[in-house]
Amino acid sequence: MRTNLIFLLIVFYIFGSRAQEKNWSAELNYPISIGESFGASNQGVIGLGLAYRFAEFDKVKLGASLDAIWFATTFTNDTDPVQELKFRDFFLQPRIFAELPLSASEKLKLRGGLGWTWYRSTGETFFNSEGRIEGIDNNSGPDVNLGLSYDFFSRWFLQAQYDLIFSSGDSPSRTLGLLKVGVGFRF
């Protein structure tokens with residue numbers, strides 16, 4: 001208990017000593033799947049992100065981020081008897097990004113990044129039309145990210161991001177698209 005308390009005090013001290021710089025941001029997003037490969041019927045549940053800006057060159061800021069996204073879908077298979085199958089998709093995305101202000105007030109920012117995506121899809125086990133048992137599908141691959149953010153208060157911002165994921169793994173290679181719309185807080 002004492003070790004945890006000391007650790008928390010150190011973390012709060014580090015955040016407090018750099019509070020004026022606002023290098024960190026936390027993000028809450030609503031994810032939307034784009035494209036046939038991933039299945040446009042997938043329903044986004046939540047997307048969470050954490051970003052740290054570690055360097056600044058003129059007006060361009062460089063940073064690292066980590067996003068976690070969760071989807072949940074119920075699929076009805078029109079067989080006899082009718083099967084209702086539940087799928088859960090989870091994405092974990094670390095990346096390096098660059099952020100550039102697009103307006104003189106620096107409220108509107110363009111952000112682009114390169115990273116990696118780990119993707120895990122779980123579904124209820126069933127036999128498909130080829131007689132194959134399906135269940136867990138693990139994929140990973142590089143991703144490209146492009147987004148816009150708008151500061152509506154000094155620390156709060158709205159954002160929209162698009163991720164293009166070049167995925168391969170347990171299933172055939174495919175390209176996935178994710179759109180994330182949400183709000184963030186800089187600290």
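Remember, predicted model here, so these are calculated numbers, not experimental data.
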Contacts of type side chain to side chain contact (heavy atoms under 4.5 Å, CB included), residue Leu146, not counting sequence neighbours: Leu110
Could you grab the distance from atom [atom1] of [X] to atom [atom2] of [Y], nearest 0.5 Å is fine?
| X | Y | atom1 | atom2 | result |
| --- | --- | --- | --- | --- |
| Phe91 | Asp67 | CZ | CG | 12.0 Å |
| Phe152 | Leu158 | CZ | CG | 5.0 Å |
| Gln161 | Asn29 | CD | CG | 6.0 Å |
| Ile96 | Leu114 | CD1 | CG | 9.0 Å |
| Lys109 | Asp151 | NZ | CG | 3.5 Å |
| Leu48 | Lys180 | CG | NZ | 10.5 Å |

Contact check, side chains of Arg111 and Ser65, non-hydrogen atoms, under 4.5 Å: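 When only atoms from C-beta onward are counted, Ser65 and Arg111 do touch, with a gap below 4.5 Å.
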Note, Trp70 side chain near Pro31 side chain (heavy atom, < 4.5 Å): no
Hey, any chance [X] and [Y] share a hydrophobic cluster, counting ILVMFWY side chains that come within less than 4.5 Å of each other, even indirectly?
| X | Y | result |
| --- | --- | --- |
| Ile32 | Tyr162 | yes |
| Leu50 | Phe157 | no |
| Phe97 | Leu28 | no |

Of all heavy-atom pairs between [X] and [Y], which one has the smallest distance, and what is that distance?
| X | Y | answer |
| --- | --- | --- |
| Glu27 | Ala51 | OE2-CB, 4.3 Å |
| Ser33 | Leu178 | CA-CD2, 4.4 Å |
| Val45 | Phe71 | CG2-C, 4.1 Å |
| Gly44 | Tyr30 | O-CE1, 3.3 Å |

Atom CZ of Phe54 with >12 non-hydrogen neighbours under 6.0 angstrom: yes
Plane angle bin for Phe185 and Phe187 - parallel if under 30°, tilted between 30 and 60°, otherwise perpendicular: parallel
Passing candidate, salt bridge (charged side-chain N to carboxylate O under 4.0 Å, His left out) with Glu99, options Arg53, Lys59, Lys22, Lys61: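 That would be Arg53; it is the only one of Arg53, Lys59, Lys22, Lys61 passing the salt bridge (charged side-chain N to carboxylate O under 4.0 Å, His left out) with Glu99.
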With Leu164, the side chain to side chain contact (heavy atoms under 4.5 Å, CB included) member among Leu176, Asp143, Thr117, Thr175: Thr175
